[in-house]
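Everything on this sheet refers to the single structure shown next.
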Amino acid sequence: MNTDVEFHIRQNYPWTKLPANVKQSVGNSQREYEKHVLLYSIRNQLRFRNNLVRHVRKDERKYYEELLKYSRDHLMLYPYHLSDIMVKGLRVTPFSYYIGIMEDIMNSEKSYDSLPNFTAADCLRLLGIGRNQYIDLMNQCRSSKKFFRRKSARDLLPAKPVEISVEPWWTAQTGYITEDDIRICSPGEKKAIDKMIDAGPQLTGSTEYNVVLSLYNRGFIYLDVPISDDSCISVPPLEGFVMNRVQGDYFETLLYKIFVSIDEQTNVAELANVLEIDLDLVKNAVSMYCRLGFAVKKGHVISPEQLHPTWKNAPSVNRLRSTMDPQKMLLSWEQGSPVMEGGSSATDTDTTSLEEDTGSVSSLSIPAAPTKRIAFLFDSTLTAFLMMGNLSPNLKSHAVTMFEVGKLSDETLDSFLAELEKVESTAEGEAQRYFDHALTLKNTILFLRYNKELSQDQGPDIPNIGFPLDMLRCESLLGLDQATCSRVLNKNYKLLVSMAPLSNEIRPISSCTPQHIGPAIPEVSSIWFKLYLYHVTGQGPPSLLLSKGSRLRKLPDTFQSYDRLLITSWGHDPGVVPSSNVLTMLNDALTHSAVLIQGHGMHGHGESVHIPFPFNAEDLKGEFSYSNMCVHKALQKLKENVDLEHQCGYITMLNANNRHRRRPSDSAECRGDTHLGGGLDNNGSTESFELVTEENNGEIKLKTETFSSEDEWVPLELCFGMPLFSSELNRKVCRKIASHKLCSNESLQELLHSSRKLSLKVLSFVQSFQDGMQPSDLDSGVSNPLSQPPAESGVPLPALNLFFKDGQLKEWSGRAPPPLDITALQKDQPT
């Protein structure tokens with residue numbers, strides 16, 4: 001449906017008041033527009049009254065029946081915001097609705113994964129049917145078909161809801177109750193029903209606990225989860241969430257958008273304003289979080305005098321947490337992190353002094369404390385690592401929260417750090433990579449969170465306790481449109497810090513304010529930036545960028561001497577492959593993507609070294625050696641073109657001619673999946689033995705080789721952000737952030753200017769090699785759960801084939817050397 005048409009339907013524009021261009025988009029047909037109105041209203045579960053659909057469909061009951069059928073057929077969440085109509089008018093309770101959905105998918109023999117995430121979570125809450133229970137039911141259903149008496153799916157499904165968690169601040173309202181229903185009620189139940197009929201909706205906490213559950217289980221009442229304009233909620237680690245699939249209906253999309261945007265300090269009305277979404281829709285979404293147990297309402301929710309005595313022993317999971325003193329919750333971050341290790345600059349606080357200072361802290365007004373935070377941006381690769389490898393018993397719920405909510409707020413980081421503390425430091429095989437990431441992530445959080453060294457220029461009136469830290473998933477932020485994302489980030493954060501490297505399968509967050517220690521624009525995290533790096537330094541491995549649709553008949557001669565090639569498909573992460581059978585794979589990849597081919601290693605894998613920046617003054621002294629690569633001439637040129645003083649990250653240097661063996665050294669940290677050949681001898685020199693296959697010419701040869709060793713190393717890539725794949729590299733970057741005061745206001749202001757300059761330079765570079773053409777066909781990349789723009793969206797695909805070799809980047813025609821040269825050579829030969 002056209003977005004303009006949707007907008008005018010949402011704003012209740014009748015046909016007569018539609019602009020001409022909108023009328024034209026529906027073929028100037030009023031009937032067609034009315035069809036759109038009905039479809040939009042049903043898809044978005046709109047109430048009949050006060051909406052445009054009432055002028056299109058006269059029969060209100062029939063409209064709600066169609067809405068319910070559409071929702072059930074598309075496995076959508078029960079429309080709780082229409083409970084008064086659904087329960088009182090149509091007699092369809094949430095339990096009967098989900099029983100119908102379960103019956104449908106069982107009769108169709110669909111898998112449990114066909115249920116969308118939130119629908120599956122609500123089914124689990126009400127029916128007690130999760131993945132294992134569903135598989136068991138399907139096995140029973142199939143086995144019954146073999147016998148003469150067949151059991152239907154409905155016979156196997158539960159007859160009443162399981163016991164659900166009800167909060168005392170929810171409200172109970174009467175559903176559809178007949179005289180026969182009243183006869184089977186106990187005196188206590190009758191009294192409760194009479195009170196609801198006479199006085200209207202009642203707080204569940206003011207009614208006897210067992211009476212509420214009994215009436216709800218029989219469908220005599222329904223429960224509302226009231227959310228007011230000034231309600232604030234917190235999102236603890238997800239429990240009971242089902243990771244199946246997303247289907248992209250309006251409410252599911254809204255739930256994910258609000259998940260990543262919400263925080264404990266922002267009330268519902270402010271959130272609706274920031275997101276520019278209708279307040280009632282935001283209230284519906286927040287109400288759903290609380291109903292499913294994924295969020296906790298903050299503040300004073302019900303007074304002890306109102307609470308019925310039977311609720312004191314009620315097994316309500318969230319009741320105690322939600323009735324905490326709001327003043328304590330607002331100031332809880334003042335106490336620091338209980339999990340932080342000694343030795344970290346953020347943890348030098350003495351417990352007794354904290355206790356003594358409590359009075360003075362409490363006397364401060366709330367705005368005196370830092371209201372903005374640091375945001376650590378990560379991608380789904382990190383959540384995958386945390387979910388795999390059985391790192392810690394309860395770490396998975398945090399990883400699910402990071403992926404599904406797209407956010408871990410500072411308030412939940414204590415429990416997250418406690419789980420990361422339990423991760424062992426050693427593992428076997430590929431699992432070691434997951435363990436390394438978990439441990440390095442813990443160190444990164446401890447460094448960024450409440451670190452006084454990062455907030456020394458806050459002013460004399462503000463206590464320097466450092467900044468709180470939130471963790472945000474890039475893909476979830478990209479589910480918001482650019483303007484909304486910018487508003488959310490500006491409202492809550494002082495600084496963004498990206499993990500490095502971010503996956504090529506996502507588009508990095510671009511942000512001028514708050515400043516971003518990470519890729520300034522998507523192009524800086526793309527293949528284009530590699531070529532820009534080689535172009536400005538005049539050094540780099542031989543690299544051939546082929547446009548989508550090209551075909552290679554043979555590998556260019558430059559790559560013939562390489563045993564291993566680094567292959568990067570557009571919008572995907574690179575991989576090292578043998579050059580022997582690479583041609584078929586390349587041509588297959590080129591049918592759907594642009595591809596970058598780079599020489600990696602002449603004798604097995606190339607050797608790579610990661611150099612952290614910003615550089616210290618001592619790093620730039622002395623002669624080039626394996627342990628002193630910062631003085632490499634390519635890096636000196638790079639410093640002139642890229643600001644390495646106000647950013648952090650690492651530069652990867654590559655030696656393709658890795659003929660030396662080296663011992664493990666602290667001076668080099670390499671990716672877990674990088675294979676190394678060659679190395680240092682015991683003196684730290686690059687002098688070593690020659691390969692047996694090469695002729696050893698004695699000392700003269702070795703001296704020449706040592707002299708030329710700087711030329712063997714070339715820059716491979718530059719990544720902005722904080723690396724998580726190596727603990728040692730991460731520690732070095734953390735030290736440099738603190739020593740160079742990258743988080744100071746002065747440094748961040750310089751970063752803003754240099755990021756803009758770099759963005760303009762890179763965009764100009766990309767345009768100069770596009771031959772003035774902008775390809776209309778963008779790579780489809782990998783979709784995220786919210787149907788965001790495709791990966792690398794906005795980064796232009798190469799329109800020309802480009803080749804970097806011998807220090808120059810040029811267009812590559814793909815042809816062999818000119819025939820003229822060959823003819824000249826033939827003429828010179830004796831006949």
Side-chain angles (χ1 to χ4, degrees), residues 236-237 333 335-349 373-403 405 407-427 430-454 466-473 495-502 517-518 612 648-650 669 671-672 721-738 743:
W333 51 263
Q335 310 305 321
S337 170
V339 201
M340 289 181 175
E341 303 171 343
S344 165
S345 59
T347 62
D348 297 335
T349 11
R373 305 181 172 203
I374 294 174
F376 182 69
L377 306 179
F378 62 91
D379 62 31
S380 297
T381 311
L382 180 61
T383 59
F385 286 166
L386 295 178
M387 287 182 195
M388 297 165 75
N390 297 323
L391 302 178
S392 166
N394 299 316
L395 193 58
K396 190 173 181 181
S397 67
H398 290 282
V400 170
T401 307
M402 290 166 69
F403 184 82
V405 176
K407 179 178 185 175
L408 269 189
S409 64
D410 184 79
E411 290 79 8
T412 60
L413 284 187
D414 283 341
S415 61
F416 183 51
L417 285 168
E419 291 304 320
L420 290 175
E421 285 281 354
K422 299 174 187 175
V423 176
E424 297 175 8
S425 57
T426 55
E430 180 68 15
Q432 184 63 50
R433 189 181 178 195
Y434 312 144
F435 282 66
D436 289 343
H437 274 77
L439 294 170
T440 312
L441 176 63
K442 180 191 74 175
N443 294 333
T444 303
I445 294 171
L446 290 173
F447 172 75
L448 292 173
R449 189 181 185 223
Y450 298 116
N451 188 342
K452 295 177 184 178
E453 292 185 17
L454 305 184
F467 292 105
L469 178 73
D470 285 356
M471 297 178 63
L472 303 177
R473 189 171 75 105
L495 174 66
L496 311 180
V497 182
S498 284
M499 67 174 268
L502 286 168
I517 295 180
C648 74
Y650 64 91
E669 302 86 359
R671 296 193 193 198
M722 294 190 71
L724 296 184
F725 57 85
S726 163
S727 294
E728 183 61 28
L729 183 62
N730 178 271
R731 275 195 289 271
K732 288 183 177 181
V733 170
C734 287
R735 283 199 295 268
K736 287 174 181 289
I737 290 174
C743 297

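- What you find for Val733 and Gly649 is that their closest heavy atoms are CG2-O, 3.8 Å.
- Here the shortest heavy-atom pairing between Pro237 and Thr401 reads CA-OG1, 3.3 Å.
- When atom types are taken as modelled, the side chain of Asn730 and the backbone of Pro723 share a donor-acceptor pair closer than 3.5 angstrom.
- One distance of note links CG of Leu413 with CZ of Phe416; it measures 7.5 Å at 0.5 Å rounding.
- Enclosure of atom CD in Glu424 is not indicated, since only 12 or fewer non-hydrogen atoms of other residues, nucleotides or ligands lie within 6.0 angstrom.
- With hydrogens and angles ignored, the 3.5 Å screen pairs a side-chain donor or acceptor of Thr440 with a backbone N or O of Asp436.
- Judged as a side chain to side chain donor-acceptor pair (under 3.5 Å), and not counting sequence neighbours, Lys407 has no contacts.
- Between Leu472 and Ala375, the shortest heavy-atom contact is CD1-CB, 3.8 Å.
- Counting heavy atoms from C-beta on, the side chains of Ile517 and Ser498 never come closer than 4.5 Å.
- Tyr650 places a side-chain heavy atom less than 4.5 Å from the side chain of Leu729.
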query: Under the side-chain contact (heavy atoms from CB on, under 4.5 Å) criterion, do Phe467 and Asp410 qualify, and how do the steps go?
result: CA-CA 10 Å; Phe467 292 105; Asp410 184 79; over 6 Å; no
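- Atom CE of Met402 sits about 11.5 Å away from atom OG of Ser397, to the nearest 0.5 Å.
- For Arg731, the side-chain contact (heavy atoms from CB on, under 4.5 Å) partners at least two apart in sequence or on another chain are Asn443, Ser727, Glu728, Arg735.
- Residue Ile374 holds its CD1 atom at 5.5 Å from CG of Leu454, rounded to the nearest 0.5 Å.
- Judged by the 6.0 Å and 45° rule, Arg473 forms a cation-pi pair with Phe403.
- We find the CG-OG distance between Asp470 and Ser409 to be 6.0 Å, quoted to the nearest 0.5 Å.
- Screening Phe378, Phe725, Phe385 for a ring pair (Phe, Tyr, Trp, His ring centres under 6.0 Å) involving His437 leaves a single residue, Phe385.
- With salt bridges taken as basic N to acidic carboxylate O contacts below 4.0 Å, one links Arg449 and Asp414.
- Note that NZ of Lys732 is 15.0 Å distant from SG of Cys648, once rounded to the nearest 0.5 Å.
- Here the side chains of Leu377 and Val497 are not in contact, with every heavy-atom distance at 4.5 Å or above.
- Across Thr412 and Pro236, no two heavy atoms sit closer than the pair CG2-CA, 4.1 Å.
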Full working for side-chain contact (heavy atoms from CB on, under 4.5 Å) between Ile445 and Met471
CA-CA 9 Å; Ile445 294 171; Met471 297 178 63; 3.7 Å; yes
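- Inter-residue side-chain proximity for Ile737 and Phe447 is flagged as met; some heavy-atom pair is nearer than 4.5 Å.
- The structure places NE2 of His398 at 10.5 Å from CG of Leu386, a figure rounded to the nearest 0.5 Å.
- Of the charged side-chain nitrogens involved, at least one lies within less than 4.0 Å of a carboxylate oxygen, so that Arg373 and Glu411 count as a salt-bridged pair.
- Here the side chains of Tyr434 and Met387 are not in contact, with every heavy-atom distance at 4.5 Å or above.
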Assess the residue pair Leu439 and Leu420 against the criterion (side-chain contact (heavy atoms from CB on, under 4.5 Å)); give the C-alpha distance rounded to whole Å, side-chain angles, the decisive distance to 0.1 Å, and a yes or no. CA-CA 7 Å; Leu439 294 170; Leu420 290 175; over 6 Å; no
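- Counting non-hydrogen atoms of other residues, nucleotides and ligands closer than 6.0 Å to NZ of Lys396 gives a total of 12 or fewer.
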Handout entry: side-chain contact (heavy atoms from CB on, under 4.5 Å) assessment of Leu441 paired with Leu382
Key = CA-CA 9 Å; Leu441 176 63; Leu382 180 61; 4.0 Å; yes
